[in-house]
J.: 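I have a structure here, written as structure tokens, and I will follow up with some questions on it.
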Number of protein chains: 2
Amino acid sequence: MARVLLVDDDPAILEVLRIYLSREGHTLLEASDGEQALALAAQADVLILDLMLPKRSGWEVAQILRLEQPDLPILMLTARGEEQDRLQGLDLGAEDYVVKPFSPREVVARVRVLLRRRGLRDHLRFGDLELRPKKRLAYLGGEPLSLSKLEFNLLLTLAQHPGLVWSRERLLERVWGSDYPGIDRVVDVHMVALRKKLGDDAENPRYLETVRGVGYRFKEEG
Amino acid sequence: MARVLLVDDDPAILEVLRIYLSREGHTLLEASDGEQALALAAQADVLILDLMLPKRSGWEVAQILRLEQPDLPILMLTARGEEQDRLQGLDLGAEDYVVKPFSPREVVARVRVLLRRRGLRDHLRFGDLELRPKKRLAYLGGEPLSLSKLEFNLLLTLAQHPGLVWSRERLLERVWGSDYPGIDRVVDVHMVALRKKLGDDAENPRYLETVRGVGYRFKEEG
DNA sequence: GCTGCCTTTCACTCAATCTTCACGACCCTC
DNA sequence: GAGGGTCGTGAAGATTGAGTGAAAGGCAGC
């Protein structure tokens, strides 16, 4: 199914969730402190995150990942009575939380919901175009495309949400990083480069569509 | 913000949530049994649903709405110890739940998350006309419509509140921005353009209705 | 330090879009 | 049925937004 990164400093919790989650068909990654969590996060499809952690709190981890991997769904494990934290967590962008002590079956159910919501895939294909996020490779008609890091990220971001319109601002935030100081016309320039490499025409695009006054979108099939 | 349908048979709960949710800027619809809930659901952007209800249980309601309005996010209110119910609720497709006794702030936060996730409803349909806010796409009889940014925003604003009359002033405020310096007849001009694209006739409109002396409204179904 | 790629800014152009205006039709009141 | 207000609508002009080429700055590897 999916790769689940499980972060808790309590071995008992790790163990019980490991059993339930692997029974569900997931591959498990495990970490017992914030640093390890960050190191492994890039490989995960879902993150189950305890709030109280050595080295870095679950919060910090969530906050950092929010920027690095905004699409990574996070299920937070909180102790009862940490309502304040829970609220902040939700506002921070965590997708969901469970209160300890929890039933493992509930965690499994929530993970299922998170995954269903995201429709995660490791292999994107749109007609002639093929993307492999993991390997950071792109093919056009079977031929490998030579894309710069930025170009790949930009294309991937758009392609992972076909049809969805992205403002330049949101793209800057997502692809360039939230603190990017430059002007938003960079996006246009890279769009031109991408279109050139994809053989796409701005007037009549197959893949990268301009939404005037709003931003860009990856064209939906059909 | 959004229209929240609040369903509970306990007046105290209705009241406290009414206060918090309207403070958050939402418009409230209220029901105290399952029948009323079903009757009002069509108008809602989010549903907050108690499980224990007269006439029809929250479950039944959820199950029915799942089919009728699969896009309507549901936040279920469950009593503690109903874990069984909770799991079934999630599998049923409810988006989320909160356990009583809950903090109203938490409910507000969860509603916010649900709305953010949905983009406040991702799919509007009125007969032949279909709108997808997030994708900024509009279809008429299955054919994509080419709308300018302004036209789309205008149409969306009206369509998100069928039957509601908007004065030109309010439309300017909402669609053009609150500090718009121009004259309000612009609205008329864009209305003409929209009607043309929608194949609508000012005399006898299917969608965009003039309310003489007041403003415009999106015609309600039927 | 040089080379070559990658990224960013800038300037120019063209096209899409928005706004205003003007005119006429219609409606309501007196 | 006259007059004032309201709305529909076409057209002209003003404005904005995006495509794009070129140049300059950065950076990594040699």
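A note on names: the letters A, B, ... follow the listed sequences, proteins ahead of strands, and every chain is numbered from 1.
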J.: Expressed as a whole number of angstroms, how long is the span from A:N204:CG to C:dA16:P?
T.: 13 Å
J.: A:Y216 side chain N/O closer than 4.0 Å to the phosphate oxygens (OP1, OP2) of D:dG19?
T.: yes
J.: Taking all atoms of both residues into account, what is the closest heavy-atom pair of B:A31 and B:A37, and its distance?
T.: CB-N, 3.6 Å
J.: Any chance you could measure B:W176, atom CH2, to B:D184, atom CG, to the nearest 0.5 Å?
T.: 10.0 Å
J.: Quick one: A:D201 CG to C:dA15 P, roughly how many Å, whole number?
T.: 14 Å
J.: Taking any heavy-atom pair under 4.0 Å as a contact, classify A:R195: base, sugar-phosphate, or nothing.
T.: sugar-phosphate
J.: Using the rule side chain to side chain donor-acceptor pair (under 3.5 Å), only one of A:R217, A:E203, A:R195 pairs with A:T210; which is it?
T.: A:R195
J.: Mind calculating the distance between CG (A:D188) and P (D:dT20) to the nearest angstrom?
T.: 10 Å
J.: Whether the side chain of B:K197 engages the backbone of B:L145 through a donor-acceptor N/O pair (distance < 3.5 Å, no angle test) should be reported.
T.: no
J.: Salt-bridge test for B:R132 and B:E130: reply yes if a basic N is under 4.0 Å from a carboxylate O, no otherwise.
T.: yes
J.: If only side-chain N and O atoms of B:W176 are considered, is one of them under 4.0 Å from the OP1 or OP2 phosphate oxygen of C:dC18?
T.: no
J.: Is there a side-chain contact between A:R168 and the phosphate of D:dA18, meaning an N or O under 4.0 Å from OP1 or OP2?
T.: yes
J.: Decide yes or no on side-chain contact (heavy atoms from CB on, under 4.5 Å) for A:V4 and A:L29, but give the supporting numbers first.
T.: CA-CA 6 Å; A:V4 180; A:L29 306 163; over 6 Å; no
J.: Rounded to the nearest angstrom, tell me the gap between atom NE2 in B:H190 and atom C1' in C:dT17.
T.: 8 Å
J.: Please state how far atom CD in A:E203 lies from atom P in C:dT13, giving the value in whole angstrom units.
T.: 18 Å
J.: Taking only nitrogen or oxygen atoms into account, show me every contact under 3.5 Å that the protein makes with nucleotides 21-23 of chain D, one pair per line with its distance.
T.:
none

J.: What is the separation between atom NZ on B:K197 and atom P on C:dA16, rounded to the nearest whole Å?
T.: 12 Å
J.: Taking atom P of D:dA18 as reference, at what distance in whole Å does atom CE of A:M191 sit?
T.: 11 Å
J.: Using the C1' atoms of the five pairs at each end, what is the angle between the end axes of the helix from C:dG1-D:dC30 to C:dC30-D:dG1, to 10°?
T.: 40°
J.: Between A:S148 and C:dT7, is there a contact of a side-chain N or O with OP1 or OP2 at under 4.0 Å?
T.: yes
J.: With respect to A:L75, which candidate in A:L47, A:L6, A:L49, A:V107 satisfies the side-chain contact (heavy atoms from CB on, under 4.5 Å) definition?
T.: A:V107
J.: Measure from CZ on A:R185 to P on D:dG17 and round the result to the nearest Å.
T.: 10 Å
J.: For atom CD of B:E35, decide whether the heavy atoms of other residues, nucleotides or ligands shown that lie under 6.0 angstrom number more than 12.
T.: yes
J.: Do the side chains of A:R168 and A:D188 get close enough for a salt bridge, i.e. N-O under 4.0 angstrom?
T.: yes
